[in-house]
Each structure stands twice: as C-alpha cells, then as structure tokens.
Amino acid sequence: MPGQDSLMANEKTRNDQKSVLPEDLQMLSDHQLMESVAGGDESAFGEILRRYRDRITNFIFRFLNDREEAIELAQEAFVRVYFAAGRYHSGYAFSTYLYRIAANLAISELRRRNRRRLTSLQGFFRDEESEDKDYDPVDGGQLPDRKFESDERSRIIGRAIASLPENYRLPIVLRDVEGLSYEEVAEVLGLGLGTTKSRISRGRAILRDKLEASGIREN
C-alpha cells in the first residue's frame, strides 16, 4: 500500500515517545528533550520546566526586582519555548536560547515601565504656557515581597542591582547572579566577548559604589 512504510515509521516514533518513562527523561539532554517536545511529548516539556523554571524566574526577578512580574514573564518565556519547539535547532546551548528569550521579555517590560513613569511624571512639569521639562526620575521601586526576600542585606543588594543602567544590569545578573560564563553572557546578549567583559567590569564598579553608599562592603 503506498505510503504504508512512512505511516508505520511515524507511528513507531509516536510509540517510542510515549514509552519514555518520567525517570528516563532526566537522562536526556536539553536538545533531546526539545526534540521530544517538538514531537508532542508534554512530559518532556515538564522536564524542561523542572530544570529551568526556578533559574529563569530568579533571573527575571533580579533584573526587575519584582517577584510577581518575574513569575508571569517566566511563564511567558516557557510558553514561547513550547510553541517554538518545532523551529528550535541545537546550534547553541538550550540555556542560552532560553535566557535570551527571558532577557528580551524582561527588557521589554523594563522599557514599558520607564515610558509609563516618564509619561506620568511629565504632568507635574507642564503648564499651559511652557513645554515639558526634562526630568531624570529617581528609582523609587518598592522592596521585594518580604516573604521572598526577608534578609535586609539581600534586599539592599537587590535594589542596588535593579537600579543599575540596563546595559550593565543584564550582564551583571547573568554573570554574577546566574553564574553564566563570560562566553555564555556574550551569546545571550549578542555582544562581542570584549564588550561583554567591559560592561561587567564597569557594572561591578557602579554596583560596588552603590553598596558602599548603603553601608555594605563586598569582599
């Protein structure tokens, strides 16, 4: 019968995917899991979530200093991974791919916040006979949820990181909080290695000054 071999091969592939036990998923690489996700294996996606959900949520939290937003954006990042599984290719590390998606979402949210803040503040500096005055807003973000960050030192460090300029904050969080290598950070940011190292060095200097001003000295 024409096409029978192809149909049987597809059926065998589906059966092989269904036969993978949850404990066996832990033995698969990220790339293998994504291949299974692309084939419709939701348990493989569950393993991806298990491996990376906390890391990505923490990464976004450290960038935005907002727990609830971090949870929502992390969920959005994984939704995008799931629906793009068929287009995923293993030319680079899966973690780099995932961090890049999460970073783009976090940056977009940060820029939306900055635009909203600027728009709301402009009304204070406008009257009928004058143009808007330039205003450099001070970061007045609220502290993280006390249940999430109960230690005062951690809160101060979190606020200091969140007050860094965007082009320094992201590499600092990726390198010094998430522990990615310089090469991995460069890949996530799409920057050269030299530029990446320079931004991390400058970001550390700014952060150190902020912490010392708050009475915290890093060893």
Side-chain angles (χ1 to χ4, degrees), residues 30 48-49 51-78 80-81 92-115 117 137-214 216-219:
D30 293 339
I48 289 287
L49 282 173
R51 292 182 186 184
Y52 289 100
R53 178 169 49 200
D54 290 346
R55 286 172 59 182
I56 294 301
T57 302
N58 184 67
F59 160 62
I60 299 174
F61 168 73
R62 285 300 185 181
F63 185 76
L64 294 176
N65 205 30
D66 184 325
R67 183 191 181 193
E68 292 185 1
E69 194 65 48
I71 292 172
E72 290 185 10
L73 291 181
Q75 291 175 343
E76 174 64 21
F78 284 107
R80 294 191 179 194
V81 167
Y92 41 81
F94 172 76
S95 59
T96 299
Y97 170 72
L98 180 55
Y99 272 111
R100 185 176 296 165
I101 291 174
N104 288 336
L105 287 170
I107 289 172
S108 295
E109 173 59 25
L110 179 65
R111 292 175 179 173
R112 280 195 296 270
R113 289 183 178 189
N114 289 339
R115 287 195 297 269
R117 181 182 301 154
V138 177
D139 183 7
Q142 294 186 358
L143 291 172
D145 189 327
R146 290 182 180 274
K147 294 181 180 179
F148 192 73
E149 289 283 349
S150 59
D151 181 75
E152 181 65 19
R153 179 186 175 90
S154 294
R155 288 201 299 271
I156 292 173
I157 293 174
R159 293 186 69 188
I161 291 174
S163 69
L164 289 172
E166 176 189 313
N167 59 330
Y168 297 127
R169 188 191 317 182
L170 189 53
I172 283 291
V173 173
L174 288 169
R175 172 62 182 158
D176 292 341
V177 178
E178 294 303 302
L180 273 63
S181 68
Y182 286 106
E183 291 77 11
E184 289 171 328
V185 175
E187 287 185 15
V188 172
L189 300 178
L191 298 173
L193 185 58
T195 301
T196 298
K197 289 183 176 181
S198 176
R199 289 191 181 184
I200 291 173
S201 177
R202 177 58 179 156
R204 284 171 174 167
I206 297 173
L207 181 60
R208 184 164 49 249
D209 290 343
K210 287 177 177 290
L211 292 177
E212 289 180 355
S214 299
I216 295 181
R217 291 184 176 273
E218 293 296 294
N219 296 327

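All residue numbers refer to positions in the sequence shown, counting from 1.
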Shortest non-hydrogen contact between [X] and [Y], atoms and distance:
{"X": "Ala106", "Y": "Ile60", "result": "CB-CG2, 4.3 Å"}
{"X": "Glu178", "Y": "Arg55", "result": "OE1-O, 3.4 Å"}
{"X": "Pro171", "Y": "Leu189", "result": "CB-CD1, 3.9 Å"}
{"X": "Ile156", "Y": "Ser214", "result": "CG2-CB, 3.7 Å"}
{"X": "Ala160", "Y": "Lys210", "result": "O-CD, 3.9 Å"}
{"X": "Ile56", "Y": "Ala102", "result": "CG2-CB, 3.8 Å"}

Task: Main-chain N/O of Asn104 paired with Ser108 side-chain donor or acceptor, under 3.5 Å - done: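 It does hold such a pair.
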
Open item on the list: So does Asp54 get a backbone contact from the side chain of Thr57, meaning a donor-acceptor N/O pair under 3.5 Å?
Closed with: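 The answer is no, because no donor-acceptor pair under 3.5 Å joins these two groups.
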
TODO: Only counting residues at least two apart or in another chain, list the ones meeting ring pair (Phe, Tyr, Trp, His ring centres under 6.0 Å) with Phe59.
DONE: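 Only Tyr99 meet the ring pair (Phe, Tyr, Trp, His ring centres under 6.0 Å) criterion with Phe59.
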
- [ ] With sequence neighbours left out, write down each residue that passes ring pair (Phe, Tyr, Trp, His ring centres under 6.0 Å) with Tyr168, or none if nothing qualifies.
- [x]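 In terms of ring pair (Phe, Tyr, Trp, His ring centres under 6.0 Å), with neighbours along the sequence ignored, Tyr168 is linked to no residue.
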
Nearest 0.5 angstrom please: [X] [atom1] to [Y] [atom2], how far?
{"X": "Leu73", "Y": "Glu76", "atom1": "CG", "atom2": "CD", "result": "8.0 Å"}
{"X": "Ile157", "Y": "Leu211", "atom1": "CD1", "atom2": "CG", "result": "6.0 Å"}
{"X": "Leu191", "Y": "Lys197", "atom1": "CG", "atom2": "NZ", "result": "13.5 Å"}
{"X": "Phe63", "Y": "Leu174", "atom1": "CZ", "atom2": "CG", "result": "9.0 Å"}
{"X": "Leu49", "Y": "Phe78", "atom1": "CG", "atom2": "CZ", "result": "5.5 Å"}
{"X": "Arg67", "Y": "Asn65", "atom1": "CZ", "atom2": "CG", "result": "13.0 Å"}

TODO: Tell me, please, whether Phe94 has Arg51 positioned over its six-membered ring: NZ or CZ under 6.0 Å from the ring centre and within 45 degrees of its axis?
DONE: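 Not satisfied by the 6.0 Å and 45° rule.
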
State, with a plain yes or no, whether a side-chain heavy atom of [X] is found less than 4.5 Å away from one of [Y].
{"X": "Val188", "Y": "Leu180", "result": "yes"}
{"X": "Leu170", "Y": "Arg199", "result": "no"}
{"X": "Arg113", "Y": "Asp66", "result": "yes"}

Task: Tyr97 and Asp30 side chains, donor-acceptor separation under 3.5 Å - done: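 Looking only at side-chain atoms, Tyr97 and Asp30 do not form any donor-acceptor pair under 3.5 Å.
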
Open item on the list: Strictly by salt bridge (Lys or Arg N to Asp or Glu O under 4.0 Å), give each pair with a member in residues 181-191 just once, sequence neighbours left out.
Closed with: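 Pairs touching residues 181-191 that pass the test: none.
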
TODO: Please report the C-alpha distance between Phe61 and Ile71 in whole Å, then the side-chain angles of each, then the deciding distance to 0.1 Å, and finally whether the side chain to side chain contact (heavy atoms under 4.5 Å, CB included) criterion is met.
DONE: CA-CA 8 Å; Phe61 168 73; Ile71 292 172; over 6 Å; no

TODO: Start with the C-alpha distance between Glu109 and Glu72, add both sets of side-chain angles, then the distance that settles side chain to side chain contact (heavy atoms under 4.5 Å, CB included), and finish with yes or no.
DONE: CA-CA 11 Å; Glu109 173 59 25; Glu72 290 185 10; over 6 Å; no

Open item on the list: Looking at Glu166 and Arg169, is any side-chain nitrogen of the basic one under 4.0 Å from a carboxylate oxygen of the acidic one?
Closed with: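 No, no charged N to carboxylate O under 4.0 Å.
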
